[in-house]
Number of protein chains: 2
Amino acid sequence: MTEDQHPDDPLRLDRQICFPLYAASNLINRLYRPVLSKLGLTYPQYLVMLALWEQAPRTVGALGEALYLDSGTLTPLLKRMEQAGLLTRKRDPEDERRVQVALTSEGRALKAEAQRVPESLTAGFEGDPAEVEKLRDSVQALVATLARHNRDS
Amino acid sequence: MTEDQHPDDPLRLDRQICFPLYAASNLINRLYRPVLSKLGLTYPQYLVMLALWEQAPRTVGALGEALYLDSGTLTPLLKRMEQAGLLTRKRDPEDERRVQVALTSEGRALKAEAQRVPESLTAGFEGDPAEVEKLRDSVQALVATLARHNRDS
DNA sequence: TTCCTTTATATTGTGCACAATATTATTGCT
DNA sequence: AGCAATAATATTGTGCACAATATAAAGGAA
């Protein structure tokens, strides 16, 4: 019952560009999970912390732009992080539509504990760093293209 | 309130390799959604169809190995696809632990309608095909490494 | 001012994704 | 045969991700 499979069939799984990106994302999430759970974070929450450690406070919209996520994803996620004591959410008095997300001292302190996260995960990438950086830049370029495409349509 | 940010801080968002992969996966999902919804499929469901168009029937475990997913994800997903009439699930009489997933005629027929999906999405990748193939191969290699790492631990 | 439009965030409903656990079938050992 | 160990799938509970929609504030035109 195995189907015929021509080598140039555009529907072959191993010819897809999107599938390995999807699989990589899932596998990375799985790899990060045990490491980040020690910090009490999920992977998307870790990304929010990275963004806030670079610049805070930031609005929900600014976070969404940095992480390519919308309010439907961020609002409940930020509420959980607020509950956990990592950040605060309050309406901007200048413009009551906006919500400013700021770090608590606990949230700022967590950065010290996260310092070793990247290096403790490079084990999964075993390859020379220059190669990894090239891959990163390629995917970053792809993301920029996809994001532009998304905004335009 | 902007934080100091050293150029070699390992926690800088733009130095992460995992973040662009995560963002690319999300953006791709968003890009595929309107195209696949015309076929009545989600992106993971589309991947299951790609796998089954290559070879069917397959066990749940074999599908999970091909797509890097486990039964917790696949079981409900396959049930929805069974409800939609695309495939059948039945216990293997040879080994009652296994579930054989087979295509219905409707599921096989859907392949014809999916032929144009890949080309209708290359618009989002605007770059020369050789470059895209190189990126694909790099990410495939990464996925292989991550998957091995995952099995071993 | 009144009202219309736009903007920012929140809510609702659906479908993944996964860890932990449960269930049932097979295998292997004695 | 009896039974522990293993294997394959299913279930449960939590947390994303997103489209569609709702809510409320700001801006702008007449």
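Computed from a prediction, not measured in an experiment: that's the story for all the values here. A, B, ... follow the sequence lines: proteins, then strands. Residue 1 opens every chain. Computed over heavy atoms, backbone and side chain alike; hydrogens, waters and symmetry mates excluded.
When rounded to the nearest whole Å, the span between CG of A:Leu41 and C1' of D:dG15 equals 13 Å. Atom CG in A:Leu36 sits roughly 15 Å away from atom C1' in C:dA19 (whole-Å rounding). The NZ atom of B:Lys90 sits 15 Å away from the P atom of D:dT9 (whole-angstrom rounding). In this structure, A:Asn29 places its CG atom 12 Å from C1' of C:dA19, rounding to the nearest Å. In this structure, the CD atom of B:Gln100 is 15 Å from the C1' atom of C:dA25, given to the nearest Å. When rounded to the nearest whole Å, the span between CD of B:Glu96 and C1' of D:dT9 equals 12 Å. Rounded to whole Å, atom C1' of C:dT9 lies 15 Å from atom CD of A:Glu65. Atom CG of B:Leu74 and atom P of C:dC16 are 10 Å apart (whole Å).
Note on A:Lys79: every side-chain N or O is 4.0 Å or more away from OP1 and OP2 of D:dC16. The phosphate of D:dA10 (OP1 or OP2) has a side-chain N or O of B:Arg89 nearer than 4.0 angstrom. Applying the 4.0 Å criterion to OP1 and OP2 of C:dC16, one finds that B:Arg80 has a side-chain N or O inside that range.
Using a 4.0 Å heavy-atom distance criterion, A:Gly61 is classed as a sugar-phosphate-only contact.
For B:Pro44, taking side-chain heavy atoms from C-beta onward, the closest of the listed nucleotides C:dA17, D:dC18, C:dG15 is C:dA17. Closest to the side chain of B:Asp70, out of C:dG15, C:dA10, C:dC18, is C:dC18. The side chain of A:Thr42 lies closest to D:dC16, out of D:dT9, C:dC18, D:dC16. You'll find that the side chain of A:Gln45 is closest to D:dC16, out of D:dA19, D:dA8, D:dC16. Between D:dA17, D:dT9, C:dC18, one nucleotide has an atom nearer to the side chain of B:Asn26 than all others, and that is D:dA17. For B:Leu69, the listed nucleotide lying nearest its side chain is C:dC18; candidates were D:dC16, C:dA8, C:dC18. Taking only side-chain atoms of A:Tyr22, from C-beta outward, the nucleotide of D:dT9, D:dC16, C:dA17 with the closest atom is C:dA17. Listed nucleotides D:dA17, D:dG15, C:dA10 differ in distance to A:Thr75; the shortest reach to its side chain belongs to C:dA10. The side chain of B:Asp95 lies closest to C:dA25 when the candidates are D:dA10, C:dA25, C:dA17. Side-chain proximity of B:Thr73 to the nucleotides C:dA10, C:dC16, D:dC18 is greatest for C:dC16.
Each of A:Tyr43 and A:Glu94 lies near DNA chain D, and the nucleotide nearest A:Tyr43 is the one positioned closer to the 5' end. In terms of position on DNA chain C, the residue among A:Thr59 and A:Pro34 whose nearest nucleotide sits closer to the 5' end is A:Thr59.
Using a distance-only test at 3.5 Å, with no hydrogens or angles considered, no donor-acceptor pair links the side chain of B:Gln55 to the main chain of B:Ala51. Although no hydrogens or angles enter the test, the distance criterion places a donor-acceptor pair under 3.5 Å between the side chain of A:Ser138 and the main chain of A:Lys134. Side-chain atoms of A:Arg89 never come within 3.5 Å of backbone atoms of A:Glu82 as a donor-acceptor pair (strictly under, hydrogens ignored).
Using a cut-off of 4.0 Å between Lys/Arg side-chain N and Asp/Glu carboxylate O, A:Glu96 and A:Arg91 are scored as not salt-bridged. Residues A:Asp9 and B:Lys111 are paired through a salt bridge, judged by an N-O separation under 4.0 Å between the basic side chain and the carboxylate. Remark: A:Asp70 does not engage B:Arg30 in a salt bridge, criterion side-chain N to carboxylate O under 4.0 Å.
Side chain A:Ser71 to base C:dA8: no donor-acceptor pair is found below 3.5 Å. Counting atom types as modelled, B:Arg97 pairs no side-chain N or O with a base atom of D:dT9 as donor and acceptor under 3.5 Å.
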